[in-house]
Amino acid sequence: MTSQPSPLERLPTGSAAFDRILGGGLPVRSLTVIAGEPGSGKTLFALQVLFHLARQGKKCLYFTTLSEPALKLIQYMQQFSFFDEGAIGKQILFIDLGSVIRTRDSEAALEAITSRVEQEEPAIVVVDSFKAMRDSLGDDAAARAFVYDLGVHMASWGAATFLVGEYTEEEMANFPVFAIADGIFRFSTRREALTAVRMVEVLKLRGADAVTGRHFFEIGREGLVFYPRVRGPDADGKPSVWSLAERTPTGIAGLDEMLGGGLPKASSTVIQGATGTGKTLLGLQFLLEGARRGEPGIHFTLEETTDQLRGITQGFGWDLREIEQRGLFSFHYVSPVELSTDAFLDRARQLVEQVGAKRAVLDSLTSMELGVPSERRFKELVYAMTKHFRAQGVTLNLNMDIAELLGSGHLSGHGISFAADNVIQLKYVELDGKLERGISVLKARGIRHATDVRRMNFTDKGIEVGEPFKGLRGVLTGLPTPLEPREP
């Protein structure tokens, strides 16, 4: 009978999201290099972890070398909510190694570190900047020996170690510290037009099932707030609740008739059409119908602000104040100019869970695409979003703009319709020199649906779907022509 290996003991970093990225937290006794360019968040991350562990009563040592002195670090950290002045000098000790390093004596530096570790028995040790120390150690052989001895001493005393430094990609490929280290975290900043996106990548972490790839984070009052990159639903192991038997009425009688009773529960629907065809209004009615049925809904808007949307609903006589107060309807606005897509989707899933939403509308995919660096990544994000919302039991509508006004019979959808269970198209139709609106169900996975194009009108009560366009052909192009009479 083979014995099961004992689980690896972990240290929490203070961020549940980053602990998930690490596969459960920071392995104890591990030696990790925190690499990145100046201003990328390395030092702030290390101190944030230390203050979290200090609040749990664990001893922490922070060795400064030739970079920022401890006094300046403490001064800067006071602006963050995790800072605890009472922990300094007790759970967190700052020790200056500058005078020892200037002697260029690696043995003296190692002795200075290990003696304090043996004396204090900390849970974690930080050396910042280790690159400054490494530069003073001489050749690669001396640096490798120093890192190896340091790692052995720290592990023997049960301490995890952070070595913080401003390393380039070339240095990361060639310096021996990266081969010896158990873990490598790389912090970086990517420039996008006039904005910047902060990212972290776990390049290496022995003994842990870390999530690969680049993850996003922001720096604010709370310190570093992490947003794990959006992945496929299989990674989270959440079962699907999509159901053909259970329907979610849209609140528009004629559309529900076209769908045979409504949208399948926990399905995703792309609603595509030119500007002004009624996508936003259809989404609002969908959420209002849910509120009437006691199903909480949330409207994620990247275009109109919440005040604009409330103004639209008031124009149709819908007063949202009561249902918002009851928690059955909520808005969440994000400017597409400042959009970090993975962070937005991570927040969206958290908000859905917080309000217990059963219905959601994203308005629109077109605006969300502005924050995605590539078409492939955009498609991956849409696919992941539809599957994660399904796992949460949410029926999701996704609005998307189509550039064509009239004269095109081509399907659009920007190549993301494959990710949706249903596709509904809103269309302008020119009849007798006037613009009318039409609606058609292009796709409804697993259900029998109407295939004709029907009239769609705006009334004082919202959208109404009427009869099909009869006696015409080419309605989908927006420029229909009368059917030729059949010969007897």
Side-chain angles (χ1 to χ4, degrees), residues 248-256 258-259 262-263 267-290 297-306 308-313 315-316 318 320 329 331-334 336 348 359-370 378 382 385-386 389 394-406 408 410-417 419-429 435-444 449 453-459 461-466 476 478:
T248 302
T250 65
I252 302 169
L255 178 56
D256 289 336
M258 296 178 72
L259 293 165
L263 299 169
S267 65
S268 57
T269 304
V270 169
I271 300 172
Q272 58 185 33
T275 181
T277 49
K279 301 183 297 297
T280 297
L281 185 57
L282 193 152
L284 290 170
Q285 283 190 243
F286 171 72
L287 295 178
L288 284 168
E289 178 64 18
I298 185 167
H299 191 289
F300 298 101
T301 171
L302 284 76
E303 297 182 354
E304 291 93 347
T305 65
T306 55
Q308 288 175 309
L309 290 171
R310 289 191 182 97
I312 292 173
T313 61
F316 289 95
W318 305 330
L320 300 183
F329 197 117
F331 290 109
H332 181 67
Y333 171 74
V334 175
R359 300 181 181 219
V361 170
L362 174 64
D363 192 5
S364 70
L365 287 174
T366 310
S367 296
M368 191 180 81
E369 189 176 12
L370 297 175
F378 174 63
V382 174
M385 185 178 190
T386 60
F389 273 55
V394 177
T395 306
L396 174 66
N397 284 0
L398 305 150
N399 293 347
M400 171 161 276
D401 289 337
I402 294 178
E404 295 86 0
L405 180 64
L406 295 170
S408 174
H410 299 145
L411 295 179
S412 184
H414 294 239
I416 54 86
S417 297
D421 301 302
N422 320 300
V423 178
I424 296 174
Q425 178 152 320
L426 310 184
K427 192 77 178 178
Y428 285 113
V429 179
L435 280 182
E436 295 195 26
R437 293 177 176 86
I439 184 170
S440 57
V441 180
L442 301 183
K443 170 186 174 183
H449 62 88
V453 183
R454 302 194 181 185
R455 283 181 167 85
M456 189 181 78
N457 300 311
F458 290 177
T459 71
K461 296 181 180 179
I463 291 176
E464 289 185 355
V465 174
L476 278 175

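Along the sequence shown, residues carry numbers from 1.
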Ala360 versus Phe286, closest heavy-atom pair with distance:
O-CE2, 4.1 Å
Side chains of Thr395 and Thr248, donor plus acceptor under 3.5 Å
yes
Sequence-distant partners of Thr280, side chain to side chain donor-acceptor pair (under 3.5 Å), two or more places apart:
Asp363
Asn397 versus Leu263: any side-chain heavy-atom pair under 4.5 Å?
yes
Separation between CD (Glu304) and NE2 (His299), nearest 0.5 Å, reads 7.5 Å
Could you pull out all residues at least two apart from Arg437 that satisfy salt bridge (charged side-chain N to carboxylate O under 4.0 Å, His left out)?
none
Show your reasoning for whether side-chain contact (heavy atoms from CB on, under 4.5 Å) applies to Glu303 and Asp401.
CA-CA 12 Å; Glu303 297 182 354; Asp401 289 337; 4.0 Å; yes
Which pair of heavy atoms, one from Phe331 and one from Thr306, lies closest together, and at what distance?
CB-CG2, 3.3 Å
Is there side-chain contact between Tyr333 and Leu309, with at least one heavy-atom pair below 4.5 Å?
no
So do Arg359 and Glu289 actually touch side chain to side chain, heavy atoms under 4.5 Å?
yes
Using 0.5 Å steps for rounding, measure from the CD atom of Glu464 to the CD1 atom of Ile252.
9.5 Å
Taking all atoms of both residues into account, what is the closest heavy-atom pair of Ser440 and Val453, and its distance?
CB-CG2, 4.1 Å
Smallest separation among heavy atoms of Ser268 and Ala419, with atom names
OG-O, 3.7 Å
Rounded to the nearest 0.5 Å, how far does OG1 of Thr366 lie from NZ of Lys279?
7.5 Å
Side chains of Phe329 and Leu288: closer than 4.5 Å at any heavy-atom pair?
yes
Return the minimal non-hydrogen interatomic distance between Gly462 and Trp318, and the atom names on each side.
CA-CZ2, 3.9 Å
Side chains of Ser364 and Asn399: is there a donor and an acceptor less than 3.5 Å apart?
no
For the residue pair Leu398 and Thr386, establish whether any side-chain heavy-atom pair is separated by less than 4.5 Å.
yes
Are Thr277 and Ile439 close enough that some pair of their side-chain heavy atoms sits under 4.5 Å apart?
no
Nearest 0.5 Å please: distance from the CE atom of Met456 over to the CG atom of Leu255.
9.5 Å
I would like to know whether Asn422 and His449 meet side-chain contact (heavy atoms from CB on, under 4.5 Å); could you show each step before the answer?
CA-CA 10 Å; Asn422 320 300; His449 62 88; over 6 Å; no
Give the intermediate values and the outcome of side-chain contact (heavy atoms from CB on, under 4.5 Å) for residues Leu362 and Leu302.
CA-CA 8 Å; Leu362 174 64; Leu302 284 76; 3.6 Å; yes
One should read off an interatomic distance between Asp421 CG and Thr269 OG1, to the nearest 0.5 angstrom, of 7.0 Å
State, with a plain yes or no, whether a side-chain heavy atom of Ile424 is found less than 4.5 Å away from one of Met258.
no
Side-chain touch Phe316/Gln285, heavy atoms, less than 4.5 angstrom
no
Working note: Val382 + Met368, criterion side-chain contact (heavy atoms from CB on, under 4.5 Å); need CA distance, chi angles, decisive distance, verdict.
CA-CA 10 Å; Val382 174; Met368 191 180 81; 4.1 Å; yes
If you measure from CG on Leu287 to CG on Leu282, what distance do you get to the nearest 0.5 Å?
10.0 Å
